[in-house]
Amino acid sequence: MAGESSFDIVSKVDRQEVDNAHNMAAKEVRNRFDFKGTDASIRWSGEAIEMEANGEERVKAILDVFQTMLVRRKVDLKSLDAGEPRLSGKLWKLTASMRQGISREDAQKISKLIRDAGLKGVRTQVQGDELRVFGKKRDDLQAVQKLVRDADYDFAVQFDNYR
């Protein structure tokens, strides 16, 4: 085992970057002319982000502004789990949360993809909400990273702890 290299496949979101994107979106919602007088707001509600306005299209516009700010802060939009707009009294509300970690099913999908690629000496191990990939050759590990990057999953993936 001494000659083996490894890395982790994770799905993490930098909370500080999300908070910065939220603050930028809140400032734009306060200052934009088309949001004046619409009771438009975006705020944290625990771990979720609440958006509200007096119309369904306005709430979707707030979500669009927030997504734009996330992209500017280099946060993958696959991490954002936005619900559907719903009417609550006089206001339309939309709740969004950030997905963290790779579920067991998703880790198994990635594992199967790596196994099916037929790379010799590469093995995987699920560790909580991340997937560790081991291999004797660093070239094989880099091939696995390219393979996972090219596969279009519905969740964000990053590579961590490359040793």
Side-chain angles (χ1 to χ4, degrees), residues 7-117 124-133 144-162:
F7 67 90
D8 294 336
I9 299 175
V10 298
S11 182
K12 293 182 182 175
V13 176
D14 185 359
R15 171 67 190 243
Q16 186 60 49
E17 290 298 331
V18 174
D19 199 38
N20 290 342
H22 165 263
N23 291 336
M24 290 166 57
K27 183 176 180 181
E28 184 161 334
V29 166
R30 276 193 311 271
N31 294 334
R32 255 177 56 175
F33 179 75
D34 57 334
F35 288 121
K36 296 283 188 217
T38 61
D39 297 326
S41 69
I42 178 170
R43 60 184 159 70
W44 283 103
S45 176
E47 286 298 307
I49 298 161
E50 281 284 329
M51 294 164 252
E52 57 185 36
N54 64 2
E56 183 178 5
E57 293 303 317
R58 295 273 187 240
V59 167
K60 289 180 181 177
I62 294 170
L63 176 62
D64 186 50
V65 168
F66 183 56
Q67 288 174 334
T68 302
M69 297 306 165
L70 285 173
V71 169
R72 283 187 189 168
R73 303 300 303 181
K74 295 183 177 41
V75 175
D76 196 340
L77 288 182
K78 291 180 182 178
S79 301
L80 182 68
D81 187 17
E84 289 296 316
R86 65 194 183 284
L87 188 59
S88 175
K90 292 182 179 179
L91 295 176
W92 284 85
K93 294 186 177 189
L94 193 142
T95 304
S97 61
M98 302 304 290
R99 279 188 269 177
Q100 299 259 29
I102 297 175
S103 70
R104 190 160 208 57
E105 296 81 32
D106 292 336
Q108 288 172 348
K109 284 182 198 173
I110 296 172
S111 248
K112 183 175 179 353
L113 174 75
I114 293 169
R115 273 194 318 275
D116 292 347
T124 60
Q125 179 182 6
V126 178
Q127 297 183 334
D129 60 354
E130 47 189 52
L131 180 71
R132 179 152 294 166
V133 181
V144 168
Q145 286 182 351
K146 181 175 179 354
L147 187 70
V148 171
R149 229 182 270 115
D150 290 345
D152 189 29
Y153 292 110
D154 61 345
F155 54 93
V157 293
Q158 295 92 25
F159 306 107
D160 205 12
N161 293 333
Y162 192 78

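Computed from a predicted model, the values in this text were never measured in an experiment.
Partners of Glu17 according to the side chain to side chain donor-acceptor pair (under 3.5 Å) rule, which considers only residues two or more places apart in sequence or in another chain, are Arg73. Residues forming a salt bridge (Lys or Arg N to Asp or Glu O under 4.0 Å) with Asp154 (at least two apart in sequence, or on another chain): none. For Arg72, there are no salt bridge (Lys or Arg N to Asp or Glu O under 4.0 Å) partners at least two apart in sequence or on another chain. Asn23 meets the side-chain contact (heavy atoms from CB on, under 4.5 Å) test with Asp19; sequence neighbours excluded. For Leu63, the side-chain contact (heavy atoms from CB on, under 4.5 Å) partners are Met51, Gln67, Leu80, Ala82, Leu94, not counting sequence neighbours. Under the side-chain contact (heavy atoms from CB on, under 4.5 Å) criterion, Ser111 pairs with Arg115, Thr124, Leu131, sequence neighbours left out. The side chain to side chain donor-acceptor pair (under 3.5 Å) test applied to Asn20 returns Gln16, not counting sequence neighbours. Among residues two or more places apart in sequence or in another chain, the side-chain contact (heavy atoms from CB on, under 4.5 Å) test is passed with Asp34 by Arg32, Arg58. Annotation: salt bridge (Lys or Arg N to Asp or Glu O under 4.0 Å) contacts of Glu52 (sequence neighbours excluded): Arg43, Lys93. The salt bridge (Lys or Arg N to Asp or Glu O under 4.0 Å) search around Arg132 returns Asp8, not counting sequence neighbours.
Enclosure of atom NZ in Lys36 by more than 12 non-hydrogen atoms of other residues, nucleotides or ligands within 6.0 angstrom is indicated. A 6.0 Å sphere centred on CZ of Arg104 holds no more than 12 heavy atoms belonging to other residues, nucleotides or ligands.
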What do the steps show when you test Lys27 against Arg30 for side chain to side chain contact (heavy atoms under 4.5 Å, CB included), and what is the final call? CA-CA 5 Å; Lys27 183 176 180 181; Arg30 276 193 311 271; 3.8 Å; yes
Run Thr68 and Glu28 through side chain to side chain contact (heavy atoms under 4.5 Å, CB included) and show every step you take. CA-CA 11 Å; Thr68 302; Glu28 184 161 334; over 6 Å; no
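The list of ring pair (Phe, Tyr, Trp, His ring centres under 6.0 Å) pairs with a residue in residues 28-72, not counting sequence neighbours, reads His22-Trp44.
Closest heavy-atom contact between Ile42 and Ala26: CG2-CA, 3.5 Å. Here the shortest heavy-atom pairing between Pro85 and Lys60 reads CG-CE, 3.8 Å.
For the 3.5 Å distance criterion, the side chains of Asp106 and Ser103 qualify, holding a donor opposite an acceptor.
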Ignoring hydrogens and angles, write down the donor-acceptor pairs under 3.5 Å from the side chains of residues 144-152, residues two or more places apart or on other chains.
{"unit_1": "Lys146", "atom_1": "NZ", "unit_2": "Asp150", "atom_2": "OD2", "d": "2.7"}
{"unit_1": "Asp152", "atom_1": "OD1", "unit_2": "Lys78", "atom_2": "NZ", "d": "2.8"}

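Here the side chain of Ser45 pairs no donor or acceptor atom with the backbone of Ala48 at under 3.5 angstrom.
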